[in-house]
Amino acid sequence: MTTPANGWTWRLHDPTGAEVAPTDLGVAVPVEDAQAEAESWLGEHWRDLLERGVASATLLRGDTVVYGPMGLAAS
C-alpha cells in the first residue's frame, strides 16, 4: 500500500504476520494528518480489528515504518 508522503496510517497483520488488506476485512483504515490522530483511530477500533482476525498493526508515515508491528490482544 502506498500512502501520501506525510500521511499517517496503519498496516494490518494476521496472526502469521502477513499483511491483511483492510478491504478484505470490510474496514477502511484512514490516512491521518498527525500521528496522534492515527493512534487515536487504532485505540478506538482495535477490538473490532481483533475480532476480524487482525493480530497486529504497524504505524506508517508515508511508506516508512514508524513502529510495530504491535499486538492488538490485551496483555
Side-chain angles (χ1 to χ4, degrees):
M1 169 177 76
T2 301
T3 305
N6 291 320
W8 296 84
T9 193
W10 294 97
R11 180 179 297 150
L12 307 177
H13 309 276
D14 68 15
T16 70
E19 185 174 349
V20 179
T23 54
D24 291 348
L25 303 171
V27 299
V29 178
V31 176
E32 303 287 4
D33 293 329
Q35 180 176 352
E37 293 171 352
E39 291 170 335
S40 179
W41 180 87
L42 188 66
E44 295 171 11
H45 295 91
W46 70 270
R47 287 178 186 90
D48 180 50
L49 294 170
L50 195 60
E51 289 175 3
R52 293 171 185 257
V54 176
S56 61
T58 299
L59 182 63
L60 303 171
R61 183 171 190 194
D63 290 328
T64 302
V65 172
V66 178
Y67 63 80
M70 65 173 194
L72 298 184
S75 52

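Predicted model only: the values in this text are computed from it and were never measured.
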**Message:** Please evaluate residues Val29 and His45 with respect to the criterion side chain to side chain contact (heavy atoms under 4.5 Å, CB included), reporting the C-alpha separation (whole Å), side-chain torsions for both, the decisive distance (0.1 Å), and the verdict.
**Reply:** CA-CA 10 Å; Val29 178; His45 295 91; over 6 Å; no
**Asked** Is there side-chain contact between Gln35 and Tyr67, with heavy atoms separated by less than 4.5 Å?
**Response** yes
**Request:** Enter the distance from Leu59:CG to Glu32:CD here, rounded to the nearest 0.5 Å.
**Result:** 10.5 Å
**Item:** Minimum heavy-atom distance between Leu12 and Pro22, given as atom pair plus value
**Value:** CD1-CG, 4.1 Å
**Request:** Indicate yes or no for a side-chain donor-acceptor contact from Trp10 to the backbone of Ala38 under 3.5 Å, with no hydrogens or angles considered.
**Result:** yes
**Prompt:** Between Pro69 and Ser56, which heavy-atom pair has the shortest distance, and what is it?
**Reply:** CB-OG, 3.7 Å
**Asked** Is there side-chain contact between Val54 and His13, with heavy atoms separated by less than 4.5 Å?
**Response** no
**Item:** Shortest non-hydrogen contact from Ala57 toward Leu72
**Value:** CB-CD2, 4.3 Å
**Fill in**
Of all heavy-atom pairs linking Ala73 and Leu50, the shortest is CA-CD2, 3.9 Å
**Asked** How long is the span from the CZ atom in Arg61 to the CG atom in Asn6, to the nearest 0.5 Å?
**Response** 4.5 Å
**Prompt:** Looking at side-chain heavy atoms only, is the closest gap between Leu60 and Trp8 below 4.5 Å?
**Reply:** no
**Request:** Would you check if Glu39 and Val66 make a side-chain contact, meaning some heavy-atom pair closer than 4.5 Å?
**Result:** no
